[in-house]
Amino acid sequence: MTKKALITGIRGQDGAYLAKLLLEKGYRVLGADRRGGDLNLWRLRELGIEHEVRMVYVDLLEPFSILHVIETVQPDEVYNLAAQSFVQASYELPVITAQVNAMGVLYLLEAIRTHQFGSRFFQASSSAMFGRVRQVPQDEKTAFYPTSPYSVAKLFGHWITVNYREAYGMFACSGILFNHESPLRGREFVTRKITSTLAEIRYGLRDRLVLGNLDAQRDWGYAPEYVEAMWLMLQADTPDDYVIATGEAHSVREFVEKASEVAGFDLVWQGEGVDIRGVDRRSGKVIVEVSPQYFRPSEIEILRGDYSKAKARLGWSPKTRFEQLVEIMMEADLRRVREQIG
Ligand code: NAP
Ligand code: F7E
């Protein structure tokens, strides 16, 4: 029988890739959408699946919408990818971040428990929960130390998922996802901000790329591979929690350097601290600078994950390395700008 999957956060990066993967596997995919209409379906459109996903109204802040959709759809699998996912914004919007990222998870779990259709549940947890990291690399046993309203709320989402599994025997899994990127990443996140802005500079639509902390290090993987791990977790014999990562960390500075190279710049750094400048030796122009406006009240200096458990139990490993990821993203943004200017 055709399996039904409900994906919250369908308009986001992961929602789009997961929908594509599940459609390819023969699932009927229902996309939980808080806005309605067909505005902003650009990611589904880019993947050529905008007419294959059935949209249903769900706002994670509206528990009745969740109860209603679980009751009417009776999904085999529920993937909770919806979140206020931008860490920087969570300092300005702490309450809404907590409501969506923490209470939203509980509403979903409670709706599944109440209806007892046996839906399997995936929660998109975050490496940001490790925050002020207690060890490098981080694995499933590493102590959490969240450092933003975003990650504190995600920690609730993680533990309530574990709690519903242990207390009620639900098939509920939490994926502790390290940063994963792609050409479908939102432009507010640093990787896509870098590639989209450098592409615009390359074709004369913009002068500068202004960033915050260049020294922060992240374990950046390729998003289509991460949604495969989500699916694998729900196909396992028993529910569990898994770190999904590449095992490599690189700095924001390294990302800028590699992306500049792919975009055809010859970047050299001049100065230090907030006065640092990235200069293109070919044109002599400053193309990168730093502004404290993008510094965070509390920063995560390094995240690097140990995905051994996912490898051993799910057979999952990352395939796309850092350099390749930057190339994929940079080339996609160069292509987009070329198409835009004709
Ligand atoms: P994303 O592109 O920001 O997508 C998040 C989606 O959540 C958006 O489509 C948004 O809908 C939806 N949403 C926000 N508030 C909602 C609400 N109240 N009700 C219903 N939907 C709501 O995020 P992503 O990168 O795909 O990430 C997917 C999930 O993985 C998120 O939970 C994120 O926190 C988590 N995660 C991501 C990463 C990563 O590196 N990408 C790492 C760790 C964990 P609108 O389109 O309507 O705004
Ligand atoms: O920042 C630094 C910034 O916003 C990465 C989300 O998917 O991954 C993501 O959260 C780093 C930080 O991602 C700029 O200070 C420098 O150290 O791309 P980001 P994030 O905060 O790591 C986790 C795992 C999630 O769960 C989240 O949902 O880059 N940085 N300059 C900058 N960051 C941004 N956004 N913009 C800058 O100009």
Side-chain angles (χ1 to χ4, degrees), residues 7-18 31-37 39-44 57-62 65-66 79-90 93 96-97 99-101 103-105 107-108 122-131 146-148 150-151 153-154 157-158 174-182 184-194 197 209-223 226-227 230 243-245 250-253 255-256 288-303 305:
I7 304 176
T8 74
I10 189 72
R11 289 179 195 263
Q13 169 188 258
D14 292 6
Y17 283 122
L18 180 64
D33 170 36
R34 62 175 164 161
R35 303 197 222 183
L39 292 171
N40 260 326
L41 291 178
W42 68 274
R43 293 184 172 100
L44 298 181
Y57 268 115
V58 173
D59 192 314
L60 282 203
L61 299 182
E62 173 52 77
S65 70
I66 298 174
Y79 295 86
N80 182 31
L81 309 185
Q84 191 304 93
S85 71
F86 189 31
V87 173
Q88 178 111 39
S90 78
L93 306 169
I96 209 142
T97 301
Q99 284 168 338
V100 178
N101 297 7
M103 293 306 290
V105 188
Y107 296 150
L108 272 165
F122 171 83
Q123 166 60 13
S125 293
S126 170
S127 59
M129 300 185 307
F130 294 120
T147 54
S148 62
Y150 169 81
S151 48
K154 279 281 175 183
H158 170 75
S174 170
I176 305 172
L177 311 171
F178 281 64
N179 299 51
H180 46 282
E181 319 292 313
S182 74
L184 300 189
R185 188 63 146 146
R187 283 191 70 164
E188 63 273 39
F189 301 98
V190 76
T191 55
R192 182 84 211 295
K193 177 175 173 180
I194 294 168
T197 310
L209 165 64
V210 185
L211 294 168
N213 180 8
L214 298 178
D215 297 320
Q217 294 183 52
R218 291 290 184 275
D219 178 331
W220 281 299
Y222 186 38
Y226 286 51
V227 301
M230 299 173 188
V243 159
I244 303 298
H250 296 272
S251 65
V252 172
R253 186 189 303 256
F255 197 104
V256 175
V288 187
E289 62 185 21
V290 165
S291 166
Q293 159 190 8
Y294 297 109
F295 293 165
R296 296 181 178 179
S298 50
E299 177 62 289
I300 303 178
E301 294 305 335
I302 178 166
L303 289 173

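One-based numbering along the sequence shown. We count ligands from 1, going down the list as the structure has it; atoms in each ligand are counted the same way.
Of all the atoms in ligand 2, the ones that sit under 4.0 Å from a non-hydrogen atom of Ala216 are 17 (O). Near Lys193, with a cut-off below 4.0 Å to any heavy atom, the atoms of ligand 2 are 37 (C), 38 (O). Atoms of ligand 1 found under 4.0 Å from any heavy atom of Arg11, numbered from 1 in the order shown, are 9 (O), 46 (O). Against a heavy-atom cut-off of under 4.0 Å, Gln13 is close to the following atoms of ligand 1: 2 (O), 25 (O), 26 (O), 41 (N). Distances below 4.0 Å separate heavy atoms of Leu177 from the following atoms of ligand 1: 42 (C), 43 (C). Atoms of ligand 1 found under 4.0 Å from any heavy atom of Val58, numbered from 1 in the order shown, are 20 (C). The atoms of ligand 1 that sit less than 4.0 Å from any heavy atom of Asn179 are 40 (O). Interface of Tyr294 with ligand 2, defined as ligand atoms under 4.0 Å from a residue heavy atom, comprises 38 (O). Annotation for ligand 1: atoms under 4.0 Å from non-hydrogen atoms of Ser125 are 43 (C), 44 (C). For ligand 1, the atoms sitting less than 4.0 Å from at least one non-hydrogen atom of Asp59 are 17 (C), 18 (N), 19 (N), numbered in the order shown with element in parentheses. Counting atoms of ligand 1 from 1 in the listed order, those under 4.0 Å from a heavy atom of Ala124 are 29 (C), 30 (O), 32 (O), 35 (C).
Note that OH of Tyr107 is 14.5 Å distant from OG1 of Thr8, once rounded to the nearest 0.5 Å. Taken from CD1 in Ile7 to CG in Leu81, the straight-line distance is 6.5 Å, to the nearest 0.5 Å. To the nearest 0.5 Å, the span separating CG on Asn213 from CZ on Phe295 amounts to 6.5 Å. Residue Ser182 holds its OG atom at 8.0 Å from CG of Asp14, rounded to the nearest 0.5 Å. Expressed to the nearest 0.5 Å, how far CD1 of Ile300 lies from CD of Gln217 amounts to 13.0 Å. Of the inter-residue distances, the one linking Leu211 atom CG with Thr197 atom OG1 reads 7.5 Å to the nearest 0.5 angstrom.
Judged by the shortest distance from any of its heavy atoms, Phe86 lies outside the 4.0 Å radius around the atoms of ligand 1. Remark: distances from the non-hydrogen atoms of Arg185 to ligand 1 include one below 4.0 Å. Remark: distances from the non-hydrogen atoms of Leu184 to ligand 1 are all 4.0 Å or more. For Glu188, the closest heavy-atom approach to ligand 2 falls below 4.0 Å. Under a 4.0 angstrom heavy-atom cut-off, Lys154 registers as being in contact with ligand 1. Taking a 4.0 Å cut-off on heavy atoms, Phe86 registers as neighbouring ligand 2. Heavy-atom separations between Thr8 and ligand 1 are all 4.0 Å or longer.
Counting protein heavy atoms only, atom 10 (C) of ligand 1 is closest to Arg34 NH2, 4.1 Å. With respect to atom 9 (O) of ligand 1, the closest heavy atom belonging to the protein is Gly12 N, 3.1 Å. Ranking the protein heavy atoms by distance from atom 5 (C) of ligand 1 puts Ala83 O, 3.8 Å first. Counting only heavy atoms of the protein, atom 23 (O) of ligand 1 lies nearest to Ser85 OG, 3.6 Å. From the protein, the heavy atom lying nearest to atom 23 (C) of ligand 2 is Ser126 OG, 3.8 Å. For atom 27 (C) of ligand 2, the nearest protein heavy atom (residue, atom name, distance) is Ser85 O, 3.3 Å. From the protein, the heavy atom lying nearest to atom 10 (O) of ligand 2 is Val87 CG2, 3.6 Å. Looking only at protein heavy atoms, the nearest one to atom 13 (O) of ligand 2 is Asn179 ND2, 3.6 Å. Looking from atom 37 (C) of ligand 1 to the surrounding protein, the closest heavy atom is His180 CE1, 3.7 Å. Nearest non-hydrogen protein atom to atom 15 (O) of ligand 2 is Glu299 OE2, 2.5 Å. The protein non-hydrogen atom at the shortest distance from atom 34 (O) of ligand 1 is Tyr150 OH, 2.7 Å. At the shortest separation from atom 12 (C) of ligand 2 among protein heavy atoms lies Arg218 NH2, 3.4 Å. When hydrogens are left out, the protein atom nearest atom 45 (P) of ligand 1 is Arg35 NH2, 3.1 Å; that is the closest non-hydrogen contact. Considering only non-hydrogen protein atoms, atom 28 (C) of ligand 1 sits nearest to Leu81 O, 3.4 Å.
Checked by distance only, ligand 2 and Arg185 come closer than 3.5 Å through their nitrogen or oxygen atoms. Between Ser127 and ligand 2, no pair of N/O atoms sits closer than 3.5 Å. The shortest N or O to N or O distance between Gly212 and ligand 2 is below 3.5 Å. Note: no N/O pair closer than 3.5 Å links Trp220 and ligand 2 by distance alone.
Looking at Val252 against ligand 2, only its side chain comes within 4.0 Å, counting heavy atoms. The part of Tyr150 lying near ligand 2 is the side chain, judged by heavy-atom distances below 4.0 Å. Residue Asp14 touches ligand 1 through backbone and side chain together, judged by heavy-atom distances below 4.0 Å. For Phe189, heavy-atom contacts with ligand 2 shorter than 4.0 Å involve the backbone as well as the side chain.
Considering Gly9, Gly221, Gly157, Ala16 only, the shortest heavy-atom separation from atom 6 (C) of ligand 1 involves Gly9. Ranked by closest heavy atom to atom 18 (O) of ligand 2, the top entry among Val190, Asp215, Thr191, Thr197 is Val190. Among Leu177, Asn101, Asn213, the residue whose heavy atom lies nearest to atom 2 (C) of ligand 2 is Asn213. One option in Arg296, Glu301, Glu181 has a heavy atom closer to atom 19 (P) of ligand 2 than any other, and that option is Arg296.
In this pair, His180 and Tyr226 present their aromatic rings parallel. The plane angle is below 30°, not in the 30 to 60° band.
Within the 4.5 Å cutoff, the side chain of Met129 has heavy atoms near those of the His158 side chain. The side-chain heavy atoms of Phe130 and Ile176, taken from C-beta on, include a pair separated by under 4.5 Å.
Judged by distance alone, the side chain of Lys154 and the main-chain N or O of Ser85 form no donor-acceptor pair under 3.5 Å. Judged purely by atom type and a 3.5 angstrom limit, Asp219 uses its side chain to pair as donor or acceptor with the backbone of Gly305. Side-chain N or O atoms of Ser298 include one that pairs as donor or acceptor with a backbone N or O of Thr147 at under 3.5 Å.
Between Glu181 and Lys193 no salt bridge is recorded (no basic side-chain N to carboxylate O distance below 4.0 Å).
Environment of CD1 in Ile96: sparse, with no more than 12 heavy atoms of neighbouring residues, nucleotides or ligands closer than 6.0 Å.
Annotation for Ala16 and Leu184: closest pair CB-CD1, 4.2 Å, computed over non-hydrogen atoms. The two residues Arg11 and Arg43 make their nearest non-hydrogen contact at O-NH1, 2.8 Å.
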